Structure formats: structure tokens, C-alpha cells
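This one's a predicted model, so the numbers in the text were calculated from it and none came from an experiment.
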Amino acid sequence: MPRLIDQSGRAFTFSSLAGTPLIVTFVAAHCTDACPLVNAQFAQAARAFAAERRHVRLLTITLDPEHDPPAVMSALARTFKADPRSWIVAGGSVRDIHRVMRAFGVVARRGRKGYADVHTTFIYLIDAKGALRETMLASTDLSAQVVAEVRAQWPALT
């Protein structure tokens, strides 16, 4: 089972996150295209969930572990004020990250500067039992879409 490292330096696995709905995305810290947008939208969704006291967890995983070790992902988490109790920003070993990417069908290629900045950009909603409930394409209205989908999937979740 792949181990990831959160922004506080703690190791975790997907199974350790069971019991709470999980919204997962993959970003590259050096990406200048969709990733900053996804991060900003996740930050908005995290604030909305906190305001509603909705018990849901966000998980952002690097898709470029060769350039985004846990320390880089920790810095990214600080940039977006990601509270590790509700929004985990994770790195890990190259092997473990690639295993997780394969499990989600995430595709990333190296761009001109050598970073994995040519990639798929999806968001995955996973229920409390670990089952994939929805796959969404990132958009400029991502935070509103994610919040609306969580409300629809889990209306009583608080």
C-alpha cells in the first residue's frame, strides 16, 4: 500500500483516511497552467466546507514527485493555508506517488522545462467507504461545483 507524506511530515495511506468523504486531485507545484487554479479552487472549497462545518477532507497529491518532494508540497500547503485536518497536501516517494497516479489513471508528461506539467486535471470524489462516486474535470467554477456535488452526494454530512 502506497504511503504518502502530508504537509506536517506525517505518513499516511488511503485506508487511514476511510470514514470521511475525500476529494482528491493531483497537481505539480511548478505547473503554471491549471494547477494554480485547482489549488485556489480547493482553498475556496475548504473555506466553504469549514463555514458549513461539513466534515469532508480534501487531498492534493503531487504528480511530479521527482521535483515536488514533501518539503515542496508543504510549502505549497502554506501558500494556500491548507489546514492538514481538512486539506492534506501530499508528496511521497517517486514509487508510491506513481502507484497512486496509476490507480487513479492520472497521466503526466514532462514539458519543455522537464517538469511534469502536461497532465490530466480531474477531481475525484470518494465516499467514506473508499468508493469512487464522481470524477469531475477541473474548471474555473471548480469550488462551487465541488461544494454543490458534496452537498448533493452527502446532504446530512456535518
Side-chain angles (χ1 to χ4, degrees), residues 1-46 49 56-80 82 84 86-150 153:
M1 177 170 297
R3 275 182 3 133
L4 302 176
I5 308 295
D6 74 11
Q7 65 263 46
S8 301
R10 290 184 289 262
F12 69 95
T13 63
F14 271 87
S15 63
S16 69
L17 302 177
T20 304
L22 185 64
I23 303 165
V24 180
T25 195
F26 294 81
V27 302
H30 299 90
C31 175
T32 58
D33 190 7
C35 296
L37 170 67
V38 170
N39 291 328
Q41 297 282 332
F42 256 46
Q44 286 180 353
F49 292 139
V56 62
R57 183 172 276 148
L58 302 171
L59 173 58
T60 300
I61 304 170
T62 182
L63 51 71
D64 192 3
E66 294 84 357
H67 295 104
D68 297 343
V72 169
M73 296 308 286
S74 181
L76 184 67
R78 284 191 302 278
T79 297
F80 288 95
S86 59
W87 181 10
I88 299 169
V89 180
S93 72
V94 171
R95 180 176 173 249
D96 284 344
I97 295 295
H98 286 172
R99 285 177 63 194
V100 173
M101 288 171 62
R102 281 191 302 277
F104 279 88
V106 173
V107 177
R109 291 181 302 141
R110 303 265 165 234
R112 286 183 223 161
K113 295 182 180 177
Y115 297 118
D117 55 5
V118 179
H119 55 82
T120 55
T121 309
F122 292 102
I123 289 72
Y124 308 89
L125 276 71
I126 299 170
D127 68 20
K129 295 179 181 176
L132 179 64
R133 294 283 292 265
E134 184 80 28
T135 301
M136 304 169 66
L137 184 61
S139 71
T140 56
D141 196 30
L142 176 65
S143 65
Q145 289 175 338
V146 165
V147 170
E149 192 61 35
V150 166
Q153 295 269 346

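Residues Ile97 and Leu4 meet the side-chain proximity criterion, which asks for heavy atoms closer than 4.5 Å. Side-chain contact check for Phe122 versus Thr25: every heavy-atom pair is 4.5 Å or farther apart. Side-chain atoms of Phe49 and Ile23, non-hydrogen and from C-beta on, do get closer than 4.5 Å to each other.
Looking at residues two or more places apart in sequence or on another chain, you find no salt bridge (Lys or Arg N to Asp or Glu O under 4.0 Å) involving Glu134. Residues satisfying the salt bridge (Lys or Arg N to Asp or Glu O under 4.0 Å) test with Arg133, not counting sequence neighbours, are Asp127. Shown here are the side-chain hydrogen bond (donor to acceptor under 3.5 Å, both in side chains) partners of Ser16, two or more places apart in sequence or in another chain: there are none. Applying the side-chain contact (heavy atoms from CB on, under 4.5 Å) criterion to Ala46, with sequence neighbours excluded, gives Leu58, Trp87. Partners of Ala148 according to the side-chain contact (heavy atoms from CB on, under 4.5 Å) rule, which considers only residues two or more places apart in sequence or in another chain, do not exist here. Evaluation of the side-chain contact (heavy atoms from CB on, under 4.5 Å) rule for Ser86 yields Asp83 as partners, not counting sequence neighbours. The side-chain contact (heavy atoms from CB on, under 4.5 Å) check on Gln44 picks up Gln41, Arg47, Ser143, with sequence neighbours excluded. A search for side-chain hydrogen bond (donor to acceptor under 3.5 Å, both in side chains) contacts involving Thr13 returns Ser15, not counting sequence neighbours.
Sorted by first and then second residue, the pairs that involve residues 4-22 and meet salt bridge (Lys or Arg N to Asp or Glu O under 4.0 Å), not counting sequence neighbours, are Asp6-Arg10. Among pairs with a residue in residues 89-112, those fulfilling ring-ring contact (aromatic ring centres under 6.0 Å, His included) read Phe14-Phe104, Phe26-Phe104, Phe104-Tyr124, at least two apart in sequence or across chains. The side chain to side chain donor-acceptor pair (under 3.5 Å) pairs that include a residue from residues 68-77 are His30-Asp68, Thr62-Asp68, Ser74-Arg78, where partners are two or more places apart or lie in different chains. The salt bridge (Lys or Arg N to Asp or Glu O under 4.0 Å) contacts involving residues 89-98 comprise Asp96-Arg99, where partners must be two or more places apart or lie in separate chains.
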